[in-house]
2 protein chains.
Amino acid sequence: ALATPALAQANPEIRWRCQSSFPRNLDVLFGTAERVANRVAALTENRFRIQVFPAGEIVPGLQVLDAVQAGTIDCGHTAAYWYIGKEPGFAFFTAIPFGLNTRQMTAWLRHGGGNALGDALFAEYNIVGLPAGDTGAQMGGWFRQEIRTQQDVQGLKFRISGLAGQVFQRMGASPTLVAPADIYPALERGTIDATEFVGPHDDERLGFFRVARFYYAPGFFEPSARLHFMSNKRQFDALPQQYKDALAIACAEADSEMVSRYDHLNPIALRRLVAQGTQLRFYSREILQLAWRSNEALMADLAGQNARFKTIWDSYRPYRSELFQWFRVAENSYDNFAFAAAAG
Amino acid sequence: ALATPALAQANPEIRWRCQSSFPRNLDVLFGTAERVANRVAALTENRFRIQVFPAGEIVPGLQVLDAVQAGTIDCGHTAAYWYIGKEPGFAFFTAIPFGLNTRQMTAWLRHGGGNALGDALFAEYNIVGLPAGDTGAQMGGWFRQEIRTQQDVQGLKFRISGLAGQVFQRMGASPTLVAPADIYPALERGTIDATEFVGPHDDERLGFFRVARFYYAPGFFEPSARLHFMSNKRQFDALPQQYKDALAIACAEADSEMVSRYDHLNPIALRRLVAQGTQLRFYSREILQLAWRSNEALMADLAGQNARFKTIWDSYRPYRSELFQWFRVAENSYDNFAFAAAAG
């Protein structure tokens, strides 16, 4: 059935400025915000337009949350865990060591209470934070030397994000946070001994393989990493409902779209890296077990010191147990058999 | 920046009838089409409305594709692999035995050429097919007796969908396809010895645990199962661009939304099932290896008989190798360590 077109009052034209925490050459990360903006424009017949700027063009890449809070920019695309200095609980909404994998994270956020906890936290910063994109399980980092035992980690100057730095500190390393553009020169000069970033596709672009030979898996400290599209709350609240819906669904789509781009691109990049001499290694059980224990102790300490952290951990932790247990039944038992069988 | 509202020519009011292949009581499956409809309505300010009917209300549940093709209904929500009688290649767009898992399937469809192959196939049926929802890795079925060896499968009357039935036939079983509503009575009366359906949440609702005690994992024949929202092509092509975009993004969101609901609900249902006496079992390596070989032979035979099947398999198979290999590096090595560590 098709009725005649009618004259209607159109929604207002709105222009927002968005800053990404990522440079343009990290195309999947930067491109996720651009894709959200394109989807919103198409869904609103170009009435709600979001212009996306790369890291540093308006404010530094790791100050996106602050700029959105202050209203310097209308919105931004960033990782909540870069702001754990303000509130350690932010970590849960991006990644915690030995946390939920990508699908489990989506389930916790949407159906397990995660987003409700996030909403309350973001609101204190005058922000509406919508999950928008995920990296999948990351790689465990680039090292000049092999890392086999606890001894090999002692004093290691490791560039690493989020709570993971504190886990490596407890393991005896010297973690440090360096912005993406500065990692390569620091590694080349020996200011740092090792770095993690994301995975083959991004890491290849940053050139780490030229100055560090050993590439470790898995990135147990970022089994998924969820980005957020953060809007200034006053600006968001003033949007027509249709524009809020358009932004919400564009972000929801980005969750699966971004990781599917990585799933497509990472194997191709890893093949090229290995062809150029990169040595793929797996963390030893000794390292993984030490990291697991260090992380459990860290989480207990943070929950003891900070009531909000405890509230979120009390939601996240039993959910993790429940989903880890269930995923062993169908998903993981399938993956283990099929991945090996296909390899012959 | 905010300009004054203007009078604009509104897009037309459009009403579509959609039939799901699922009954209303399978709330995640049926609810996915309803959610797509609600999203589309919200994004078009209620101008494009899709009314969703449960299986059987307009046409039988397994004839949705035919009804969309004929224009009896404007659109439907169904699984392409139920139509392999028309064209075996339809199987790839839902699930094949030992195929891609949920994330890998999204990558193949969106970035590995899968959707382009699907578009060409659906177009021959006067249909635009948009992937819309996934079950995740399914369970391996309900059995009255334990299934340990090839001997235990001989003559087994097993209700099973898609190409998986042909795999079990090659293994010596007698596969049969029974519509969801008829499975329970068939299992109770002994017309069938065993059945698979989806996973704990849906299977519990269908009551199989009352008449079959052993619940097997994994559903190696459906490591993910992607549903499609099928629109009559002439109807779809006549939509304003904004409505096409709204429908496309609502379906894209459904891909991750549906599986996240299952990921949330399945562990709760499995716990209840086990508390009521269900015995959880894992398929033996003997069964899995036999099934793997039977499936490889089946795929080779189908590709030899059918040029279109071969074209799709020639895209899918190397993509599967590539993604299986990559997923072992970061995702699977993480899952294996963390799932076990959390269990203590």
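By convention in this document, chain letters (A, B, ...) are assigned in the order of the sequence lines, proteins followed by strands, and residues within each chain are numbered from 1. The shown structure was predicted, so the numbers you read here are calculated from the model rather than taken from an experiment.
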Under a 4.5 Å heavy-atom cut-off, does chain B meet the side chain of A:Tyr243, its backbone, both or neither? neither

Name the region of A:Glu296, side chain, backbone, both or neither, that has any atom closer than 4.5 Å to a heavy atom of chain B. neither

Which value, rounded to the nearest 0.5 Å, describes the distance between A:Asn332 atom CG and B:Asn332 atom CG? 6.0 Å

Is A:Phe282 in contact with chain B via its backbone, its side chain, both, or neither, using a 4.5 Å heavy-atom distance? side chain

Contacting region of A:Arg261 [heavy-atom separation from chain B under 4.5 Å]: both

Which is it for A:Val329 and B:Met139 under the side-chain contact (heavy atoms from CB on, under 4.5 Å) test, yes or no, and what are the steps along the way? CA-CA 8 Å; A:Val329 176; B:Met139 288 293 287; 3.7 Å; yes

Considering only heavy atoms from C-beta outward, does the side chain of B:Tyr283 approach that of A:Phe337 to under 4.5 Å? no

Give, as side chain, backbone, both or neither, the part of B:Tyr216 having an atom under 4.5 angstrom from any heavy atom of chain A. neither

When rounded to the nearest 0.5 angstrom, what distance separates OG in A:Ser260 from CE in B:Met105? 12.5 Å

Top residue by heavy-atom pair count (under 4.5 Å) with chain A, among B:Thr44, B:Leu43, B:Ile249? B:Ile249

Side chain, backbone, both or neither of A:Arg110 within contact of chain B (heavy atoms, under 4.5 Å): side chain

For A:Arg39, which atoms come within 4.5 Å of any heavy atom of chain B: side chain, backbone, both, or neither? side chain

Interchain contact, A:Leu270 with chain B, by part (heavy-atom threshold 4.5 Å): side chain

Quick check on A:Ile268 against chain B: is it the side chain, the backbone, both or neither that has a heavy atom closer than 4.5 Å? both

For chain A, find which of B:Gly219, B:Gly99, B:Ala248 contributes the most heavy-atom pairs closer than 4.5 angstrom. B:Gly99

Work out which heavy atom in A:Ala252 is nearest to a heavy atom in B:Ser256; give both atom names and the distance. O-OG, 4.3 Å

Under 4.5 Å to a heavy atom of chain B? For A:Ala254 that would be neither

Can you tell me how far apart CD (B:Gln242) and CD (A:Glu45) are? Round to the nearest 0.5 Å. 4.0 Å

Just say parallel, tilted or perpendicular for the rings of A:Tyr334 and B:Phe324, cut-offs at 30° and 60°. perpendicular

Contact winner vs chain B - A:Ala246, A:Gly140, A:Pro218, heavy-atom pairs under 4.5 Å: A:Pro218

B:Pro267 vs A:Phe327 side-chain heavy atoms within contact, under 4.5 Å: no

Sort A:Gln241 into side chain, backbone, both or neither according to what part of it lies under 4.5 angstrom from a heavy atom of chain B. neither

Side chain / backbone / both / neither for B:Asp255 at chain A, heavy atoms under 4.5 Å: neither

Side chains of A:Thr102 and B:Arg103 in contact at under 4.5 Å (non-hydrogen atoms): yes

Residue part contacting chain B, namely of A:Ser321, when any heavy atom lies under 4.5 Å: neither

So B:Phe339 and A:Leu323, do their side chains get closer than 4.5 Å, heavy atoms only? no

Is it the case that the side chains of A:His111 and B:Glu257 hold a donor-acceptor pair, with the cut-off being a distance below 3.5 Å and no angle test? yes

CD on B:Glu331 to CG on A:Asn101, rounded to 0.5 Å: 6.5 Å

Scored by heavy-atom pairs under 4.5 Å with chain A, the best of B:Trp108, B:Phe220, B:Phe98, B:Trp292 is B:Trp292

By a 4.5 Å heavy-atom criterion (distance strictly below it), what part of A:Val259 contacts chain B: side chain, backbone, both, or neither? side chain

Which of A:Asp245, A:Leu288, A:Thr106 touches chain B most, by non-hydrogen pairs under 4.5 Å: A:Leu288

Selection from B:Pro240, B:Ala107, B:Ala137 maximising heavy-atom pairs under 4.5 Å formed with chain A: B:Ala137

Look at A:Arg271, A:Gln289, A:Gln325, A:Arg320 and state which one has the largest set of heavy-atom pairs under 4.5 Å with chain B. A:Arg271

Checked B:Ala42, B:Gly136, B:Pro223 vs chain A; the most non-hydrogen pairs under 4.5 Å come from B:Pro223

